[in-house]
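A short write-up of the structure that comes next.
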Amino acid sequence: MSSLCAGDRVALVSPAGPALASRIAAGAGVLRSWGLRVVTPEVGPWSLPYLAGSDKARAAEFVSAWCSDVAAVFCVRGGYGCLRMTDLVPWKDLPPRVFVGSSDVTVLHAELNAVGQATVFGPMPGTSDFVDDPLAQARLREVLFTGTRSWTAGTPVVAGTARGVLTGGNAALLAASVGGPRWAPPVPGAIALLEDIGEEPYRLDRILTQLLRAGWFEPVSGIVLGSWTDCGDVSAVLADRLSGLGVPVLGDFGFGHCAGSWSLPLGVPAVLDAGARSLTLV
């Protein structure tokens, strides 16, 4: 995965919901303080207030930004909408770029990883998870500029080791993609990263059950669990749905919708040692 350098030009895009202009400005200011030259998003209001623009406009902005003279593309926020535009992007024709996003952006990570592009699952500059969290900012900067290769955190749930390509992201978005024309299970041996927000235990049960019945977990060799913010106590659900898979599971790893979130690469090979609480790129 490529690293960024001071002086690089980067683009902010809005593939999902609209972000507050003040937050975009604040997030862009942080990126500029890193020495980056920032191009802000151009899509405007639309008739559906939970989208940053029409599907066509959001996809066009994404492709235009990606194919311009930039080193990286940052999504300003998630929310909802990425799933609606995936069929409007020529994924195989996109040149290599650094890409950052999380939450609803999970579906864009999957598309990019499927055509061989590594990505970064991290906080977005149009959200409070980035703007108001200096530790999350620092952790994203470290991944982008110095290429962090190892993380130690979390609580072992099922001990063991696994080696495979990192995949996944937001559990609800992964489940929402199941059965669609562009859906595909993880590559054999993949290490799955899973997190979510605002899903009560029974809804998380439904999400994981849907993924289980679709065979999503069958190729997976290990699982790393992030934050479950505003989901209540989901420990019993996670144990019930995942512990019987016979693969190592590391919980409470601290990525997703949480303070001081780790930024983690997707689409790259890694080794998980759940007992040692470690995740290391190889």
Side-chain angles (χ1 to χ4, degrees), residues 1-5 7-19 24 27-28 31 36-43 51-126 140 143-145 147 165-170 173-174 176-177 180-187 190 193 263-270 281:
M1 187 174 66
S2 301
S3 296
L4 296 182
C5 302
D8 281 344
R9 187 169 179 262
V10 302
L12 306 188
V13 297
S14 300
I24 294 176
L31 298 180
L36 300 173
R37 295 178 293 141
V38 182
V39 180
T40 54
E42 297 179 355
V43 293
L51 297 175
S54 70
D55 298 340
K56 184 177 180 180
R58 298 192 326 279
E61 179 202 51
F62 180 86
V63 173
S64 176
W66 195 285
C67 295
S68 66
D69 183 22
V70 297
V73 174
F74 292 75
C75 296
V76 295
R77 64 158 292 184
Y80 171 72
C82 290
L83 193 61
R84 291 178 47 142
M85 56 162 274
T86 54
D87 58 341
L88 301 176
V89 177
W91 298 103
K92 292 181 180 179
D93 298 331
L94 299 180
R97 297 284 185 264
V98 173
F99 179 67
V100 179
S102 56
S103 195
D104 191 71
V105 180
T106 292
V107 296
L108 305 188
H109 286 289
E111 296 282 1
L112 290 163
N113 295 162
V115 296
Q117 295 224 33
T119 57
V120 177
F121 192 88
M124 297 171 283
L140 176 59
V143 167
L144 296 178
F145 282 79
V165 173
L166 297 176
T167 191
N170 182 269
L173 267 297
L174 294 169
S177 301
R182 304 175 65 85
W183 177 80
V187 298
L193 308 180
S263 290
L264 299 173
L266 296 175
V268 296
L281 303 187

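Predicted, not measured: the structure shown is a model, and the values here were computed from it. We're numbering straight along the sequence, starting at 1.
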Exercise for the section: Decide yes or no on side-chain contact (heavy atoms from CB on, under 4.5 Å) for V98 and V10, but give the supporting numbers first. Expected result: CA-CA 9 Å; V98 173; V10 302; over 6 Å; no
Find the distance between [atom1] ([X]) and [atom2] ([Y]) and round it off to the nearest 0.5 Å.
X    : Y    : atom1 : atom2 : answer
M85  : E111 : CE    : CD    : 9.0 Å
L140 : L31  : CG    : CG    : 8.0 Å
W91  : L108 : CH2   : CG    : 4.5 Å
L174 : T167 : CG    : OG1   : 7.0 Å
L166 : F121 : CG    : CZ    : 12.0 Å
S102 : L266 : OG    : CG    : 10.5 Å

Can you confirm whether [X] sits close enough to [Y] that some side-chain heavy atom of one is under 4.5 Å from a side-chain heavy atom of the other?
X    : Y    : answer
L193 : L264 : yes
L112 : W66  : yes
R77  : S14  : no
P265 : T119 : no

Look only at the side chain of [X] and the backbone of [Y], and say whether a donor-acceptor pair between them is shorter than 3.5 Å.
X    : Y    : result
N113 : A110 : no
T106 : S103 : yes
D104 : A16  : no
R58  : G81  : yes
R9   : R37  : no
Q117 : H109 : no
R182 : D87  : no
T86  : C82  : no

Taking all non-hydrogen atoms of both residues, which atom of [X] and which atom of [Y] are closest, and how far apart?
X    : Y    : answer
C5   : L36  : O-CD2, 3.7 Å
V73  : V13  : CG1-CG2, 3.6 Å
S3   : G147 : OG-N, 4.3 Å
P95  : C67  : CD-SG, 4.1 Å
V115 : K92  : CG1-CG, 3.8 Å
P125 : F74  : CG-CB, 4.0 Å

Practice task
Please work out whether the ring planes of F99 and F62 are parallel, tilted or perpendicular, with thresholds of 30° and 60°.
Solution key: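 Perpendicular.
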Handout entry: side-chain contact (heavy atoms from CB on, under 4.5 Å) partner of M124, the single match among V76, I24, L12, V105
Key =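 Testing each of V76, I24, L12, V105 against M124, the sole residue satisfying side-chain contact (heavy atoms from CB on, under 4.5 Å) is V105.
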Practice task
Go through the steps for V100 and L144 under the test side-chain contact (heavy atoms from CB on, under 4.5 Å), then give the verdict.
Solution key: CA-CA 9 Å; V100 179; L144 296 178; 3.9 Å; yes
